[in-house]
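These notes concern the structure reproduced below.
None of these values were measured; they are calculated from a predicted model.
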Amino acid sequence: MPGIVGIISQRPSKECSPLVESMVKCLKHEPFYTDGTYFNEEFGLWSGWACHEGGFDDCLPIWNEKKDICLLFSGEDFAHQAHIDALRMRGHEFGPDDASYLIHLYEEMGCEFLEKLNGWFSGVLLDFRERKLVLFNDRYGVNRIYYHEDASGFYFSSEAKALLKILPATRQLNLRSLGEVLSCEAVLQNRSLFSGISLLPGGSSWVFSRGAPVKKKTYFKKEAWENQPELSESDFYEKLKETWARVLPKYFRGKPSIGLSLTGGVDSRMILAWAPRSSGTLPCYTWGGTYRDCTDVKIARRIAKLCQQPHNTIPLGAEFLSQFHDLAERAVYISDGTMDVTGALDLYVQRLARQIAPVRLSGVCGGEILRRLVMFKPDLPQPGLFNPELASSFQEAAATYGSELQDHRLSFTSFKQAPWYMASKFTVERSQVTYRTPYFDNDLVALAYQTPTTLLRNEPALRLIADGNPALGKIGTDRGIAFRSIPGVTRALHSYQEFTFKAEYAYDYGMPQWLARLDHIFAPLHLEKLFLGRHKVAHFRVWYRDELSRSLREMLLDSDARSRPYLRANSLEEILKAHISGQRNYTFEIHKILTLEFIQRKLIELS
């Protein structure tokens, strides 16, 4: 993913410069990235960056007119246009549609300018007037900054692999973090997978002055939003409508073309209903499967046509499976091991999405913000697969998760779930496209804290869709619900969609072991064609059993993979044999084992 790297140290330039250049190379995942370095020996800063060509942050380094303030910035800021115009009126000069105005915001406000920034971002600022450096990130911590500190200096990077590259001692898996990834699919509490590497907490503004210890400041505290009063239903909806109409146009700004990732749910449809785009100017797309057009494709195609916007289906089929090994390896590498091998899917479809438009606008996180949906929880791996020491960390991970979940539910989804769990997927996706979701707009998240408990459902979104485009409000969602629908009909449609959704899960990822044995008997009938593809486009249980079985054997049964100290070799062989024969379902276990092997090969051994 595009980002920044750096070393803050009193080491000689001849030592730091080549290290930073090596770090930058770790961030350059695609040929359409631009990159650069900035060194300042007086400040003891050696830094660099990589970004999407033509993106908001493709203007580095950013200087003010007097050349006494410098900014390296990664990500985007969705400021109100009035604030940008006000800077020009006060005589500041900067380019259009990029991050160059941010340096002038700092000139006007000092470090308080961070409170005004709105988006996912990170950066480092040099103030020659005050002889200080400021390392910062967004208030949610989604734009990750990994760091390592020792006697030789302070090292930071948007991706942990850049630190692993130059700091060999960190190439060790942290047992506690590994247990969390295997049981919770996320590293919790701002740790990383690796020894001696941590994550900068969200809302940080750490100040470095030569000869002084780092001042670990925070510019935002979530309590400012938590302490707001709950609104009445009518007041909340009217404020939601006003806020949505005001903030959404900001996410359509900029030079690169924008595509809308459209599903059958309410959150992407809210964007389409209020999109400030004329007919034919907003390309939409949806992921599709191999067995049939899934519900998302059917609904997305219909509502895009209604709004007179083009729609594309991005298929996930034989071509994806033929590339799976390389895509999975790459996804695990890009995410620093925090995204499992299912990230291959995200990497594949985002590459194709970029051919439609380099900016992806998505309804992702609508449910997490407006309805406070928790998307991950502990799921302990199969007993006997991992060695006892690692297995004992699973219970600790579950206890840590339970403790963190005691937080305000929206604070958990915004400030913990987003940076610890969802950012892994975002990292893979953002390696290919510029990723935007209006649901993390500061004004909208702040308002979401005032949601009355009775409206933590789909009704406000359905009403907002109908207010923006009445025709869209009449079309049912992927779960069979619509605004002001006929109760009996809606209940029947909803029940049918829920049944098919659960049946598909039961036949795929969630197939119980007794049913797997029965399914094995009827394998010649290919019952998957009957159950799969109505709601999901990925079918790893079947893929691991059939199309991917050979590559699984080749990778996981070689001498290196079987000798990993955290695995029990005999259990691994038994699991693979049982799954590939179709007699058992070990999809989740294979995800984890395969991911671990890629972590070992690409991040620990750096092969």
Check: [X]/[Y] side-chain N/O donor and acceptor closer than 3.5 Å:
X	Y	value
Thr454	Glu233	yes
Trp420	Asn190	yes
Gln350	Arg430	no
Ser411	Glu226	yes
Arg144	Thr338	yes

Before you tell me yes or no, could you show the steps for Leu163 and Phe194 under side chain to side chain contact (heavy atoms under 4.5 Å, CB included), namely the whole-Å CA-CA distance, both residues' side-chain angles and the distance that decides it to 0.1 Å?
CA-CA 10 Å; Leu163 300 179; Phe194 309 101; over 6 Å; no
Between [atom1] of [X] and [atom2] of [Y], what distance do you get to the nearest 0.5 Å?
X	Y	atom1	atom2	result
Leu188	Tyr401	CG	OH	9.0 Å
Asn174	Leu193	CG	CG	8.0 Å
Gln417	Arg372	CD	CZ	13.5 Å
Ile4	Leu27	CD1	CG	9.5 Å
Phe94	Glu65	CZ	CD	9.5 Å
Asn40	Ser13	CG	OG	10.0 Å

Side chain to side chain, [X] and [Y], heavy atoms closer than 4.5 Å:
X	Y	result
Thr437	Asp267	no
Phe39	Ser47	no
Val364	Tyr439	no
Tyr38	Val124	no
Leu456	Thr451	yes

Between Tyr219 and Arg139, is the side chain to side chain contact (heavy atoms under 4.5 Å, CB included) condition met? List the steps.
CA-CA 8 Å; Tyr219 67 85; Arg139 62 186 62 192; 4.1 Å; yes
Quick one: are the ring centres of [X] and [Y] less than 6.0 Å apart?
X	Y	value
Trp225	Phe220	yes
Tyr155	Trp46	no
Tyr147	Trp206	yes

If you compare all heavy atoms of [X] against all heavy atoms of [Y], which two are closest, and at what distance to 0.1 Å?
X	Y	answer
Arg360	Tyr435	NH1-CE1, 3.1 Å
Val445	Ser414	CG1-OG, 4.1 Å
Ile369	Leu410	O-CD1, 3.5 Å
Ser74	Pro2	OG-O, 3.8 Å

For the residue pair [X] and [Y], categorise the inter-ring angle as parallel (less than 30°), tilted (30 to 60°) or perpendicular (more than 60°).
X	Y	result
Phe128	Phe43	perpendicular
Phe136	Phe73	tilted
His83	His80	perpendicular

What residues form a salt bridge (charged side-chain N to carboxylate O under 4.0 Å, His left out) with [X], not counting sequence neighbours?
X	answer
Arg351	Glu30
Asp441	Lys250
Arg330	none

Checking side-chain hydrogen bond (donor to acceptor under 3.5 Å, both in side chains) for the pair Tyr140/Asn442: CA distance, chi angles, key distance, verdict?
CA-CA 10 Å; Tyr140 308 102; Asn442 291 344; 3.1 Å; yes
Taking side chain to side chain donor-acceptor pair (under 3.5 Å) as the cut-off, I'd like each qualifying pair that reaches into residues 106-115, sequence neighbours left out, listed once.
Asn64-Glu107, Arg90-Glu108, His92-Glu108, His104-Glu107, Tyr106-Asp127
Using a strict 4.0 Å threshold on nitrogen-to-oxygen distance, state whether [X] and [Y] make a salt bridge.
X	Y	answer
Arg131	Glu42	yes
Arg457	Glu459	yes
Lys25	Glu21	no

Without swapping roles, check the side chain of [X] against the backbone of [Y] for a donor-acceptor pair under 3.5 Å.
X	Y	answer
Asn137	Pro201	yes
Asp98	Cys59	no
Asp138	Phe121	yes
Thr243	Leu240	no
Arg11	Cys16	no
Gln450	Pro229	yes
His148	Ile197	no
Thr427	Ala423	yes

Look at atom [atom1] of [X] and say whether more than 12 heavy atoms of other residues, nucleotides or ligands are closer to it than 6.0 Å.
X	atom1	result
Arg253	CZ	yes
Lys132	NZ	yes
Glu15	CD	yes

Sequence neighbours excluded, the answer for side chain to side chain contact (heavy atoms under 4.5 Å, CB included) partners of Lys425 is Met339, Asp346, Glu429
For Tyr33, the ring pair (Phe, Tyr, Trp, His ring centres under 6.0 Å) test, sequence neighbours excluded, returns His52
Starting from the C-alpha separation in whole Å, work towards a yes-or-no answer on side chain to side chain contact (heavy atoms under 4.5 Å, CB included) for Leu164 and Lys602.
CA-CA 11 Å; Leu164 300 175; Lys602 303 304 295 185; over 6 Å; no
List the steps and the verdict of salt bridge (Lys or Arg N to Asp or Glu O under 4.0 Å) for Glu159 and Lys161.
CA-CA 5 Å; Glu159 297 183 12; Lys161 67 184 67 61; 2.5 Å; yes
Mark yes or no: Arg436 above the aromatic ring of Phe78, with NZ or CZ under 6.0 Å from the six-membered ring centre and no more than 45 degrees from the axis.
no
Validate the cation-pi geometry between Arg463 and Tyr237: distance from NZ or CZ to the six-membered ring centre under 6.0 Å, angle to the ring axis within 45°.
yes
Pair Ser9-Phe154, side chain to side chain contact (heavy atoms under 4.5 Å, CB included): steps then yes or no
CA-CA 6 Å; Ser9 175; Phe154 185 94; over 6 Å; no
